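Take a look at the structure below.
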Amino acid sequence: MKKLIFFLLLLISTTIFAQQKRVETSIDTTKNKIGAEFKLTLKTSVDTLSKVVFPNLKNIGALEVIQSYPVDTVKNNDRYELIKKYGLTQFDSGRYVIPSIKVLINNKAYQTDSIAVEVANVQVDTLQQKMYDIKDIQPANDSIGNWWKYLLGLLVILGIGAGIYWFLKNKQKKKIEEEIYKTPIEKATSLLNNLEKKELWQKGEIKEYYSELTDIARNYIEEAIEIPAMESTTSELILGLRAASVKKKMTLTPETIENLERVLKQADLVKFAKSKPLEFEITEDRNKIQKAILTLDRSIPVEVAVEEDVLLNEAQRQKQIALQLKKKRNNRIAVSVATVLFLLLATTFFLLATKGFDYVKDNLIGHPSKELLEGEWVISEYGNPSIIIKTPKVLKRTDMMKSLPKEGLALVKEMQSFTYGSLIDSFHLMVSTLKYKQEMQVDLKKSMEAYLKYMESQGAQNMIVKQEDYETKEGITGVKSYGTFSRVNELTNENDRMYYEILLFSQEGGLQQVLILHQEGDKYANEISERVLSSVELKQGGR
């Protein structure tokens with residue numbers, strides 16, 4: 001009996017353990033290098049109706065999840081085998097434990113096995129592998145691209161164009177409003193025509209239409225008949241108009257005044273009582289106003305002008321014409337200047353957006369090295385043994401003998417130097433040749449070291465020197481040194497970083513030298529340097 005109970009307990013515990021181990025855990029490797037990927041695999045087998053949820057994790061223990069792979073599903077008869085993989089990594093060396101994680105099967109949690117892994121350092125062999133200089137800073141790839149520059153430039157151009165259009169439109173509007181008319185009737189007629197062109201009532205703006213229509217009539221009455229029509233109510237205006245017609249002996253019929261009064265009262269109803277007249281009524285009111293203005297103008301007695309008044313009026317008219325012509329001329333000049341400025345600004349912003357600030361600065365403001373590069377180059381022969389070289393400017397002869405040390409001066413028979421600029425300028429080019437009194441074997445590398453020391457004595461600091469053999473197109477070998485150094489700018493008292501290239505050759509017991517010096521990062525000077533050095537030719541003995 002006891003044996004039977006023990007057997008049943010063992011069977012039950014084995015069954016429970018088997019149920020708890022429904023998720024298998026494995027890893028591709030337990031030892032890896034820093035930053036390398038461990039691939040953790042979780043596998044479970046379930047029936048077709050089961051629901052399995054694998055966790056979505058950013059870290060599993062001390063390891064970072066760099067990749068959560070999609071779940072693979074394999075059908076095996078009436079069951080599914082689900083496989084989930086995680087890519088893990090760690091950037092510090094040491095021993096780590098991948099802890100157990102929960103997997104939900106039909107909302108029931110099952111734990112995976114924990115696994116120990118080791119992350120090892122990457123050994124760097126500094127003796128066997130080749131070492132390289134640190135590369136210059138390179139611009140990062142912009143994932144956004146340059147489209148925003150084009151959009152910004154387009155928006156700026158449109159903004160400037162809209163501003164100029166608004167300015168000219170506003171100017172034109174003011175000009176129309178301030179236009180000088182010879183007579184009040186001419187002004188009223190012109191304003192009535194302009195009102196019809198606006199088509200206000202056709203757009204539903206009836207109140208604005210009647211307001212402008214009655215203002216035209218009131219302005220005319222105030223200017224032509226000289227009564228305060230703009231400040232008067234409709235009743236006051238009609239009373240004043242009747243009194244003025246008697247006083248000025250105007251031949252007005254009662255019908256004219258009644259028609260005017262009817263339109264003014266209709267306008268009052270539209271403006272203050274929100275009345276909406278029909279289309280034919282609006283047309284009739286407009287015709288009544290026009291007819292009333294014309295009738296009023298014809299009824300005003302004509303005064304015979306004195307000759308002096310005629311001459312004065314003519315002089316004033318000519319003066320007004322001259323002022324109008326002057327205004328038109330000034331407006332044309334303003335429009336021309338605004339157009340030129342707009343085109344300049346539009347072009348500048350377009351170039352800024354497409355070419356960049358440096359391109360605009362170098363082409364509009366100017367760049368000394370760019371001017372040298374794009375100038376007329378010359379080919380000349382300098383020194384003895386001679387050097388044929390192509391340069392952006394003709395080199396000037398300079399006396400360099402005084403700069404030689406005493407022990408060197410005693411050995412030199414002849415020295416010729418030709419330069420553009422100097423060691424303190426932003427661009428310097430020198431060609432020099434030297435002949436010794438006695439024929440000797442010249443050590444180019446020692447001569448190069450001596451010249452570099454001379455440059456240091458002239459203010460070069462923190463020199464970086466790279467040296468290599470050099471060969472001309474004619475097969476003459478020499479030594480080339482190049483690199484950078486810093487110096488104190490005498491104008492700004494700041495450190496400038498300079499780039500230099502030196503070529504040394506030895507022929508006929510003498511020394512030939514080419515030096516180019518310019519500010520580091522000057523792309524135009526770099527092009528000049530390449531062009532100059534590629535043109536170097538040396539005359540050999542007997543040529």
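Note that these values count all heavy atoms, side chains included, but never hydrogens, waters or copies made by symmetry. If you're wondering where the values come from, they're calculated on a predicted model, not measured in any experiment.
- For the atom pair CG of Leu515 and CG of Leu503, the computed distance is 9.5 Å after rounding to the nearest 0.5 Å.
- Looking at Gln467, Glu471, Glu501 one by one, the single match for side chain to side chain donor-acceptor pair (under 3.5 Å) with Lys480 turns out to be Glu501.
- Residues Arg79 and Ser45 share a closest heavy-atom pair of NH2-O, 2.9 Å.
- The environment of CD in Glu279 is sparse: at most 12 heavy-atom neighbours from other residues, nucleotides or ligands sit within 6.0 Å.
- There is a side-chain donor-acceptor pair under 3.5 Å between Asn462 and Ser486.
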Task: side chain to side chain contact (heavy atoms under 4.5 Å, CB included) between Val465 and Leu452, worked out - done: CA-CA 9 Å; Val465 180; Leu452 293 174; 3.7 Å; yes
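- Between Ile502 and Tyr482 there is no side-chain heavy-atom pair separated by less than 4.5 Å.
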Task: Worked check of side chain to side chain contact (heavy atoms under 4.5 Å, CB included) between Val23 and Ile105 - done: CA-CA 10 Å; Val23 181; Ile105 302 177; 4.2 Å; yes
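- Of the residues Val103, Asp113, Thr41, Ile98, the one that meets the side-chain contact (heavy atoms from CB on, under 4.5 Å) test with Thr25 is Asp113.
- Checking side-chain atoms of Thr89 against main-chain N and O of Ala36 turns up a donor-acceptor pair under 3.5 Å.
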Task: Worked verdict on Trp377 versus Arg531 for side chain to side chain contact (heavy atoms under 4.5 Å, CB included) - done: CA-CA 10 Å; Trp377 286 53; Arg531 190 171 173 184; 3.5 Å; yes
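- Minimum heavy-atom separation, Leu395 to Tyr382: N-OH, 3.2 Å.
- Rounded to the nearest 0.5 angstrom, Ile83 CD1 and Lys85 NZ are separated by 7.0 Å.
- Between Thr44 and Leu42, every side-chain heavy-atom pair lies at or beyond the 4.5 Å cut-off.
- Residues Phe38 and Glu118 share a closest heavy-atom pair of CZ-O, 3.6 Å.
- Residues Val117 and Asn32 form no side-chain contact, since every pair of their non-hydrogen atoms from C-beta on lies 4.5 Å or further apart.
- Side-chain atoms of Ser211 never come within 3.5 Å of backbone atoms of Lys207 as a donor-acceptor pair (strictly under, hydrogens ignored).
- Using a 4.5 Å heavy-atom cutoff, the side chains of Ile389 and Ile379 are not in contact.
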TODO: Check the pair Ile115 / Leu40 against side chain to side chain contact (heavy atoms under 4.5 Å, CB included), numbers first and verdict last.
DONE: CA-CA 9 Å; Ile115 301 175; Leu40 178 67; 4.1 Å; yes
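- In this structure, Lys43 NZ and Asp72 CG are separated by 10.5 Å, a value rounded to the nearest 0.5 Å.
- Side-chain contact between Met498 and Leu517: present, with at least one pair of heavy atoms (C-beta onward) separated by less than 4.5 Å.
- Counting non-hydrogen atoms of other residues, nucleotides and ligands closer than 6.0 Å to CG of Asn59 gives a total above 12.
- Gln512 contributes atom CD, which lies 10.0 Å from atom NZ of Lys435 (distance to the nearest 0.5 angstrom).
- The shortest side-chain heavy-atom distance between Gln461 and Phe485 does not fall under the 4.5 Å cut-off.
- Between the OG1 atom in Thr112 and the CD atom in Glu24 there is a gap of 12.0 Å [rounded to 0.5 Å].
- Taking the six-membered ring where the residue is Trp, Tyr470 and Phe505 present perpendicular rings, their angle passing 60° and hence far from 30°.
- Checked by atom type and distance alone, the side chain of Gln90 pairs as donor or acceptor with a backbone atom of Ala62 at under 3.5 Å.
- Salt-bridge formation is not detected for the pair Glu64/Lys58: no Lys NZ or Arg NE/NH1/NH2 atom is positioned less than 4.0 Å from an Asp or Glu carboxylate oxygen.
- Taking CG from Asp47 and OH from Tyr80, the interatomic distance works out to 10.0 Å, rounded to the nearest 0.5 Å.
- When all heavy atoms of Ile101 and Pro55 are compared, the pair lying nearest together is CD1-CG, 4.1 Å.
- In terms of modelled atom types and a separation under 3.5 Å, the side chain of Thr472 and the main chain of Glu537 share no donor-acceptor contact.
- Thr433 places a side-chain N or O within 3.5 Å of a backbone atom of Asn384 that can act as its donor or acceptor partner.
- Within the 4.5 Å cutoff, no side-chain heavy atoms of Ile66 are placed close to those of Leu88.
- Aromatic ring pairs are classed by plane angle as parallel below 30°, tilted from 30° to 60° and perpendicular above 60°; the pair Phe427 and His518 is parallel.
- With hydrogens and angles ignored, the 3.5 Å screen pairs a side-chain donor or acceptor of Lys84 with a backbone N or O of Tyr69.
- When every heavy atom of Ser68 is checked against every heavy atom of Tyr86, the shortest pair comes out as OG-CE2, 3.9 Å.
- In the model, Asn106 has a side-chain atom that pairs as donor or acceptor with a side-chain atom of Ser50 under 3.5 Å.
- Counting heavy atoms from C-beta outward, Tyr500 and Met463 have side chains that approach closer than 4.5 Å.
- Of all the heavy atoms in Pro392 and Ile528, the pair that sits closest is CG-CG2, 4.2 Å.
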